[in-house]
**Student:** 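Before I ask anything, let me first share the structure, which is written out below as C-alpha cells.
Keep in mind that this is a model prediction, so the values were computed, not measured.
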Amino acid sequence: MPKLTINNQEVDVALGTSIIQAAEQIGIEIPRFCYHDRLTVPANCRMCLVEVEGGPPKPVASCAMACGEGMVVKTDSPMVKKARKGVMEMLLINHPLDCPICDQGGECDLQDQAVAYGFDRSRYSENKRAVKDKPLGPLIKTTMTRCINCTRCVRFGEEVAGVTELGQLNRGEDAEIGTFIAKAISTEMSGNMIDICPVGALTSKPYAFKARSWELKKTESIDVHDALGCNIRVDSRGNEVLRILPRLNEDINEEWIDDRTRFAYDGLKKKRLDRPYIKDEVSKKLRAVEWPEALSYLADKMKTFKANNMAALAGDLCDAESMFALKGLMKSLGADNLECRVDGAQFDVTNKSGYRFNSGIAGVDEADAILLVGTNPRREAAVLNARIRRAFYERNIAIALIGEKMDATFEYEHIGTSPQDIEKLSNARTGFAKTLKEAKNPMIIVGADVFAREDGLALHGLLYTAAEKLGVVKDGWNGFNVLHHAASRMAALEMGFTLTNPFDLGEMGFVYLLGVDNHQTLDNIHPHAFVVYQGHHGDAGAHRADVILPGAAYTEKSGLYMNTEGRVQRGRQAIDPPGQAREDWTIIRALSEECGNALPYNNLAQLRSALTAQYTAFGMVDEIAPAAWGAFGDIKGTVTAKVFENPIDNFYLTNVITKASATMMKCSAEFVMPDETLKAAE
C-alpha cells in the first residue's frame, strides 16, 4: 500500500488510488467539475490541479494521477491557487450571467467554486459564445450556453444508464454536448443527469422556476413506485411536494433513482379523494358525507355479514402499519380471508427465503453469473438494472434470460422462453448451466409475475429444484432472488396478510380494498358484493366501491416499508393529506371503535410497538432479518408450456399516482406508445 503525504498529513492508500481519492480519505477538499466517483475519469476540466514535489514542473490533475510511495502533494500552494484561478477564469469566459434566474442557483458547484477558488475580477470584454438548447424530452430542461463540457452526463448515459445518445460534438471553441440525432433521452434514469450536472445546463423541466432550494422543507423518506425501497428526499413548500431527489444508500440505490420515482410527484395533486363517500342504495350514486356518518354506516353494514363471507385485500402501495391495523380489524370480526397478492400470484409463503431477494440488492456487485427468469429489470426495477449493467460493463459477467426478449442495457444470452427451458437448464451439463455451476456467486433473479399464472405454485417448486441443481445456494451465499414490484408485498407476507389456501373472492359478500386498483382483482369481485375502498386516488377501486374512505399517499404519512430483499425502512410524512383525508391506520382504528372492537393502540408509537412485538422483523429498521434456505412447502401441480411474458409494458404508468401524473403521461407519449397515450389523455 503506497504511503504519501498530502498537506503534511501522511496517509496509507490502496494500490491504484488517485490523489483526489486519497485527499478525501483524510478530509482534504479538492475542487472538481468533471470528476465523479461513480464514473470514469476524463480529466478534462483541470479544476482538481495539485502540486507534486519532485514531479512534473507544473500542476497535475489529481483525479488522473495514482498515488505513489513517498509522494508529497500540496493542494493549497501558490502554484495551485494560481492555476485554479486560471481554470475558473477560463470556464467563466462564456458562462452566461443568469444566476438570478437559474434553477441551479443555491445548489450550483460552479457558483460555490467560483467564490472559493476563482479570480476576483474579469479581464474579458469579448462577447460570450451562445449554444443552441437541445430537446432532450419532457423531463430535462436544457440551457446549453451554461455547459462547461465536463461530460458527466455523457459518461452517465454510457456507463450507468446504458444509452449512447449523448455525446460531445465538434472541437475547440465549437465543442458542445448534444444528441447526434435530435431526440429525447430514452432511459428510465435520465433525471440523474440533472443531479450530476455541476452547473445549470441540465435542470428539471417539471420543477422549472417553481422554487429555490432554501425555501423547501426537506424530508427523508422511501419510494413506493417499486419494491426496491429507494431512499429519497421529499422537498415541499407549504402543503405541496415540489420535487423528489435521491438519498445516498450504498446497499440499495447508491445515489440514483429512476424517472418514475423522481417526476411522478405531480400525480399526488390530481384525482385525489379528499372526503368520504357513500353510494346511495336507490340511485346508486355516490354522495359526499362526513366521517362520523361514513364510519357509522360502514360499521352497521359490516355487522350484517358473516365472518366467512368477508375479505380484505391490500394493494401495492400500502405501508405496514395500515395492513397490520386492517388485519387486526378483520381478526376481531373473526374474518380470516386476507390477501396481498392482488396480482393473482401463487407461491409458497411458508419459507421466507423462497420469495425474497436473498443475496441483497448489493449482492449483484458480487455475482459472477446471472440468470433472469420471466423478468425485465429495466422496466420492473431500473435502479437494480443499473447495477446489473455495471456488473456486465466492469466485470463482463455472464448473463442469460429465460423469458420474453427485452431491450436490455447489457448483452445477454437468450436460452428459452418457457418453464420447460428452466428444466432443461437445470439438467444440462454444458452451456450456461456449466457457467452457473462453476461460478463462485451465481444468481437467479425471478420476476414476481412468474407466479401470477395458473401454474405459479408448481413453478415455485420447479425453481427451487433448479436452484439446488445449479448450485445457486451454497455456504455463505444465497443467489435465489425474487424481484417483487409492489412496495407493500414483502411487509404483507411478513405479517401473514395472506392465506396458504386462497379463498374464492367471487363468493365474498363483503370486500375491503386497501388501496387495491388492480382490474384483474376487481373483475373477480361478485357484482352484488358490498365493497369498501380506502385509498388516495379516485381510480378503478373507487369506481367499484359502495363506501369510499380517503386515505393518505406515501408522502403524507409516516410508515414502515419492507423492500424486496426483506429490509425494513421508515418513510416520513412530508405534507398533510388533502381535505378530510386521513392516515390509513387512523381510519381503521376509528372504524374498529365503531364496530365495538377498538384496536389496542391510540397513536403511531403504540401501533408500532404492537407490530414489532408480534413480528420482530419490523423492529430491525435498516436491517435484513435472516432467513434460512430450505425446502418449500407441499407444492402441487404441473407446469404448463405457456411462455413467460414481461409484466410491465409501460414503465411510466404502473400505479394510481403515475396514472394521475401529467409528467408521466408525457413520458409515456414520448417513449412508449404515442398514439394510445394521447387518446387516453384526451
Side-chain angles (χ1 to χ4, degrees), residues 1-92 95 104 106-120 148-156 159-160 192-193 195-199 246-251 254-256 362 365 390 394:
M1 295 174 63
K3 186 174 184 179
L4 69 157
T5 303
I6 304 177
N7 292 354
N8 299 319
Q9 295 186 50
E10 291 187 347
V11 57
D12 292 313
V13 297
L15 192 64
T17 302
S18 64
I19 294 175
I20 195 171
Q21 292 171 326
E24 285 181 348
Q25 292 181 22
I26 55 176
I28 295 176
E29 180 185 16
I30 296 178
R32 80 291 300 271
F33 288 117
C34 69
Y35 174 78
H36 191 282
D37 56 4
R38 299 191 193 279
L39 304 175
T40 54
V41 179
N44 57 10
C45 77
R46 319 308 287 183
M47 192 63 199
C48 66
L49 294 173
V50 296
E51 181 182 354
V52 179
E53 289 187 3
K58 59 181 181 180
V60 298
S62 61
C63 67
M65 176 165 281
C67 298
E69 180 65 35
M71 186 179 282
V72 178
V73 179
K74 296 179 179 179
T75 69
D76 56 359
S77 66
M79 176 196 290
V80 172
K81 291 180 179 179
K82 181 179 179 181
R84 287 176 182 165
K85 287 181 178 180
V87 170
M88 183 59 68
E89 192 174 18
M90 182 196 71
L91 290 175
L92 294 176
H95 197 79
Q104 196 81 348
E107 302 173 310
C108 179
D109 291 347
L110 191 66
Q111 281 183 333
D112 296 340
Q113 295 186 39
V115 171
Y117 305 104
F119 206 56
D120 59 357
I148 60 172
N149 292 284
C150 70
T151 69
R152 280 188 181 183
C153 56
V154 177
R155 286 174 285 137
F156 174 85
E159 299 165 18
V160 180
N192 296 291
M193 295 181 182
D195 290 342
I196 64 175
C197 180
V199 296
R247 283 191 296 128
L248 180 67
N249 189 319
E250 296 289 355
D251 293 329
E254 298 176 304
E255 60 187 82
W256 318 122
D365 298 337
R390 183 174 64 195
E394 295 182 354

**Student:** For Glu159, which residues count as a salt bridge (Lys or Arg N to Asp or Glu O under 4.0 Å) partner, sequence neighbours excluded?
**Tutor:** none
**Student:** Among residues two or more places apart or on two chains, list those pairs meeting salt bridge (Lys or Arg N to Asp or Glu O under 4.0 Å) that have a residue in residues 25-41.
**Tutor:**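 Salt bridge (Lys or Arg N to Asp or Glu O under 4.0 Å) check on residues 25-41 returns Glu24-Arg32, Arg38-Glu250, Arg38-Glu254, Arg38-Glu255.
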**Student:** Determine the minimum heavy-atom distance between Pro31 and Gln113, stating which atoms define it.
**Tutor:** CB-OE1, 3.1 Å
**Student:** Between Pro198 and Cys150, which heavy-atom pair has the shortest distance, and what is it?
**Tutor:** CD-SG, 3.7 Å
**Student:** Not counting sequence neighbours, list each pair that qualifies as a salt bridge (Lys or Arg N to Asp or Glu O under 4.0 Å) and has a residue in residues 1-18.
**Tutor:** Lys3-Glu10
**Student:** Checking Ala66 now: which residues fulfil side chain to side chain contact (heavy atoms under 4.5 Å, CB included) with it, not counting sequence neighbours?
**Tutor:**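 If we apply the side chain to side chain contact (heavy atoms under 4.5 Å, CB included) test to Ala66, skipping adjacent residues, there are no hits.
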**Student:** Between Asp365 and Arg390, does at least one N-O distance fall below 4.0 Å, as a salt bridge requires?
**Tutor:**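 Here Asp365 pairs with Arg390 in a salt bridge, since their nearest N and O are under 4.0 Å apart.
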**Student:** Mind checking side chain to side chain donor-acceptor pair (under 3.5 Å) for Glu89 and listing every partner two or more places apart, or none if nothing turns up?
**Tutor:** Arg123
**Student:** To the nearest 0.5 angstrom, please state how far the CD1 atom of Ile148 sits from the CE atom of Met90.
**Tutor:**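 The CE atom of Met90 is 9.0 Å from CD1 of Ile148, to the nearest 0.5 Å.
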**Student:** Considering residues at least two apart in sequence or located in another chain, which fulfil the side chain to side chain donor-acceptor pair (under 3.5 Å) criterion with Thr17?
**Tutor:** none
**Student:** Ignoring hydrogens, what is the shortest heavy-atom contact between Pro2 and Glu69? Give both atom names and the distance.
**Tutor:**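 For Pro2 versus Glu69, the nearest heavy atoms are CA-OE1, 3.4 Å.
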**Student:** Would you say the side-chain atoms of Arg84 pair up with the backbone N or O of Asp76, donor to acceptor, closer than 3.5 Å?
**Tutor:** no
**Student:** Holding to salt bridge (Lys or Arg N to Asp or Glu O under 4.0 Å), I want the full list of residues that pass it with Asp109, two or more places apart in sequence or in another chain.
**Tutor:** none
**Student:** According to side-chain hydrogen bond (donor to acceptor under 3.5 Å, both in side chains), does anything in residues 52-66 pair up with another residue at least two apart or in another chain? List the pairs.
**Tutor:** Glu53-Lys74
**Student:** Would you compute the distance between atom CG of Leu110 and atom CG of Leu91 and round it to the nearest 0.5 angstrom?
**Tutor:** 7.0 Å
**Student:** Which heavy-atom pair separates Ile19 from Ile30 by the least distance, and what is that distance?
**Tutor:**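 In this case the closest contact between Ile19 and Ile30 is O-CD1, 4.4 Å.
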**Student:** Considering all heavy atoms of both residues, which atom of Arg155 and which atom of Thr40 are nearest to each other, and what is their separation?
**Tutor:** NH1-O, 2.6 Å
**Student:** According to side chain to side chain contact (heavy atoms under 4.5 Å, CB included), who are the partners of Cys197, at least two apart in sequence or on a separate chain?
**Tutor:** Val199, Ala201, Leu202
**Student:** Pair up each side-chain donor or acceptor in residues 45-52 with any protein partner under 3.5 Å, not counting sequence neighbours, and list the distances.
**Tutor:**
| residue | atom | partner | partner atom | Å |
| --- | --- | --- | --- | --- |
| Arg46 | NH1 | Ala43 | O | 2.8 |
| Glu51 | OE1 | Ser77 | OG | 2.6 |

**Student:** Rounded at 0.5 Å granularity, tell me how far CG in Leu248 sits from CH2 in Trp256.
**Tutor:** 10.5 Å
**Student:** Can you tell if the side chain of Pro246 reaches within under 4.5 Å of the side chain of Asp195, non-hydrogen atoms only?
**Tutor:** yes
**Student:** Measuring from Asp112:CG to Glu107:CD, what's the distance to the nearest 0.5 Å?
**Tutor:** 10.0 Å
**Student:** Closest heavy-atom contact between Cys67 and Val13?
**Tutor:** CB-CG2, 3.9 Å
**Student:** Tell me, please, which residues at least two apart from Tyr35 pass ring pair (Phe, Tyr, Trp, His ring centres under 6.0 Å).
**Tutor:** none
**Student:** Give a yes or no answer on whether the side chain of Arg152 reaches the backbone of Leu39 with a donor-acceptor pair at less than 3.5 Å.
**Tutor:** no
**Student:** Report the residues that fulfil side chain to side chain contact (heavy atoms under 4.5 Å, CB included) with Ile28, sequence neighbours left out, ordered by chain and then residue number.
**Tutor:** Ile6, Asn7, Gln9, Ala23, Ile26, Thr75
